[in-house]
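Below you'll find the structure, written out as structure tokens, and then a few comments.
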Amino acid sequence: MIINGRTRPTAVIGWPVAQSLSPVMHNAAYEALGLNWACLPLGVPDQHALLAFTEAARRLPFVGFNVTMPYKQAMLELCDETATLAQLAGAVNTVHCVDGRLIGYNTDGRGLLESLENDASVNPAGRSVVILGAGGAAGAALTAFILGRASSITIVNRTAERAEELLARVHNNLRNTAASAMPLDLSAAPAIRDADLIVNATPTGMSASDPSPIPMEWLHEGQVVLDMVYQRPETALLRAATLAGARPVSGLGMLVAQGALAIDIWMGEGSGEGRAPRDVMRAAAAAALEEQCAPAGGDGL
Ligand code: NAP
């Protein structure tokens, strides 16, 4: 990658961002596409820094930026305009900088659908789905599955009230999808046993010692289990899914797809510029992840 006077910046902002795979994935895509862009990880330690960065992004030649934990919800309020999907999800993970204005999108939900299609040949239409978690990623999954015409969606969360709040936000957009919320305890077992598709949208699994968020006994053959956690190829949940005969899907495909969809937006979807190269991005992310997971690995990126 050559950085010169005409290079335009993009960024991933969050706290912490040292382990983010976005810079390596994005820079590989820019190079393959011949774009004179460069992606930087920018650690934003607090709300003051977030406000300062968004003001700078309005005035400097940023193409756009990605937003990661813990600022996806806060970013919704800081954009000048937000796409309907981001409003329904209650979170912005992609910002396009256009003539001093910040336009917010959420590509997590569409990334999830793209990964399910590419990695497991699954279309959620007519399927019963369980989402574990009720945070930003769960909100994005919920909106994606409503748009994808799932027959039923159950939000299962440690704090049941948060699951209820999430459902209340999309209540008027449910169309023909039945939706319910329940706590992450034994009462969720029947819904999980009946589900065609189970998506983990909690951080459980990020640490190698984390247990599966649900017992293996609740899973069975014929189900697809996608773990949004992508830090390791096989989390305890994916191991449980495999042992139970269900189909495990790692969150890496979703990570790549949400990043690729952000680049598509920045290039101008439908502009004839082509699509971000998912294969190049996946190879770059997988290589960086392997380096991070290596025993002598340090900071990795
Ligand atoms: P978030 O807004 O902080 O929400 C986290 C959710 O997980 C909350 O509902 C929380 O429950 C629940 N939770 C947290 N710790 C838990 C535990 N020990 N046991 C059970 N439930 C627990 O986070 P987020 O932004 O939605 O992200 C969630 C995960 O998805 C993260 O690991 C993130 O890296 C991953 N993610 C992956 C992708 C991808 O592309 N693969 C994209 C987005 C996010 P309470 O409400 O009870 O606190």
Side-chain angles (χ1 to χ4, degrees), residues 12-22 25-26 66-76 85-86 89-94 105-116 118-120 130-144 154-167 169 181-185 188 192 198-215 225-233 235-238 248-263 276 278 281-282 285-286 288-289 292:
V12 53
I13 64 163
W15 188 261
V17 285
Q19 300 286 323
S20 173
L21 297 175
S22 291
M25 206 165 72
H26 279 248
N66 282 127
V67 185
T68 187
M69 289 197 292
Y71 298 123
K72 289 184 187 185
Q73 278 95 345
M75 201 60 225
L76 191 68
L85 262 183
V92 162
N93 79 326
T94 298
Y105 296 85
N106 191 312
T107 64
D108 281 336
R110 282 173 59 200
L112 172 61
L113 295 185
E114 190 175 309
S115 166
L116 282 170
N118 293 344
D119 300 330
V130 165
I131 300 169
L132 307 175
L142 175 63
T143 53
T154 308
I155 311 285
V156 175
N157 194 44
R158 182 174 63 177
T159 311
E161 299 78 50
R162 264 189 100 188
E164 299 282 359
E165 282 165 26
L166 194 51
L167 276 193
R169 196 165 62 227
M182 53 181 58
L184 180 54
D185 60 23
I192 292 174
I198 295 134
V199 172
N200 178 36
T202 79
T204 312
M206 284 177 77
S207 164
S209 57
D210 282 350
S212 170
I214 51 172
V225 180
L226 184 144
D227 197 339
M228 286 197 194
V229 171
Y230 54 81
Q231 282 79 359
R232 57 205 75 261
T235 57
L237 172 64
L238 295 185
V249 183
S250 142
L252 190 63
M254 174 180 169
L255 181 82
V256 170
Q258 61 77 34
L261 288 161
I263 297 174
R278 274 72 172 162
M281 295 175 73
R282 192 169 187 134
L289 204 51
Q292 278 183 10

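Both counts, for ligands and for their atoms, begin at 1 and track the order of listing.
Minimum heavy-atom separation, Val249 to Asp119: CG1-CB, 3.9 Å. Closest heavy-atom contact between Ala188 and Pro183: CB-O, 3.6 Å. Taking all atoms of both residues into account, the shortest heavy-atom contact from Ala262 to Asn66 is CB-ND2, 3.6 Å.
Heavy-atom proximity to Gly135, at under 4.0 Å, picks out these atoms of ligand 1: 2 (O), 4 (O), 9 (O), 26 (O). Listed by atom number, the atoms of ligand 1 under 4.0 Å from Met69 heavy atoms are 23 (O), 25 (O). Near Gly136, meaning under 4.0 Å from any of its heavy atoms, are these atoms of ligand 1: 2 (O), 26 (O). Which parts of ligand 1 touch Ala137 is read off a 4.0 Å heavy-atom cut-off, strictly below it: atoms 24 (P), 25 (O), 26 (O), 27 (O), 30 (O), 43 (C), 44 (C). For ligand 1, the atoms closer than 4.0 angstrom to any heavy atom of Gly133 are 9 (O). When each atom of ligand 1 is checked for a heavy atom of Gly251 under 4.0 Å away, the hits are 41 (N). When each atom of ligand 1 is checked for a heavy atom of Thr159 under 4.0 Å away, the hits are 45 (P), 46 (O), 47 (O). Taking every heavy atom of Thr202 and a limit of under 4.0 angstrom, the matching atoms of ligand 1 come to 7 (O), 12 (C), 13 (N), 21 (N), 22 (C), 29 (C), 32 (O).
Between the side chain of Thr159 and the main chain of Glu161, no donor-acceptor pair closer than 3.5 Å is present. The main-chain N or O of Ala86 is never found under 3.5 Å from a side-chain atom of Asn106 such that the two would form a donor-acceptor pair. In this structure, the side chain of Arg110 does not engage the main chain of Ala144 through any donor-acceptor pair within 3.5 Å.
The protein heavy-atom contact nearest to atom 13 (N) of ligand 1 is Pro203 CD, 3.7 Å. What sits closest to atom 37 (C) of ligand 1 on the protein, heavy atoms only, is Met228 O, 3.3 Å. The nearest heavy-atom contact from the protein to atom 10 (C) of ligand 1 is Asn157 OD1, 3.9 Å. The protein heavy atom nearest to atom 16 (C) of ligand 1 is Arg158 NH1, 3.4 Å.
Contacts with ligand 1 closer than 4.0 Å are made by side-chain heavy atoms of Asp108 only, the backbone lying farther away. Within the 4.0 Å heavy-atom criterion, neither part of Pro70 lies near ligand 1. Only the side chain of Thr204 comes within contact range of ligand 1, with a heavy atom under 4.0 Å; no backbone atom does.
Remark: among candidates Ala201, Ala91, Ala141, the nearest residue to atom 6 (C) of ligand 1 is Ala201, based on non-hydrogen atoms. Counting heavy atoms only, Met206 comes closest to atom 32 (O) of ligand 1 of the residues Glu165, Gln73, Met206. Checking Val256, Thr235, Leu255 against atom 40 (O) of ligand 1, the nearest heavy atom belongs to Leu255. Of the candidates Met254, Arg162, Lys72, Met254 brings a heavy atom nearest to atom 38 (C) of ligand 1.
To the nearest 0.5 Å, atom CZ of residue Arg232 and atom CE of residue Met206 are 9.0 Å apart. Between Asn157 atom CG and Leu166 atom CG the span is 8.5 Å, to the nearest 0.5 Å. Rounded to the nearest 0.5 angstrom, Gln19 CD and Leu289 CG are separated by 9.5 Å. Leu113 contributes atom CG, which lies 11.0 Å from atom CG of Asn118 (distance to the nearest 0.5 angstrom). Distance check, rounded to the nearest 0.5 Å: CE of Met228 to CG of Leu132 gives 10.0 Å.
Applying side chain to side chain contact (heavy atoms under 4.5 Å, CB included) to Thr107 and the options Leu85, Ile263, Thr94, Leu112 leaves one that passes, Thr94.
Under the 3.5 Å distance criterion, with hydrogens and angles disregarded, a donor-acceptor pair is assigned to the side chains of Asp227 and Thr235.
Judged by the shortest distance from any of its heavy atoms, Pro213 lies outside the 4.0 Å radius around the atoms of ligand 1. Heavy-atom separations between Ala134 and ligand 1 include at least one value shorter than 4.0 Å.
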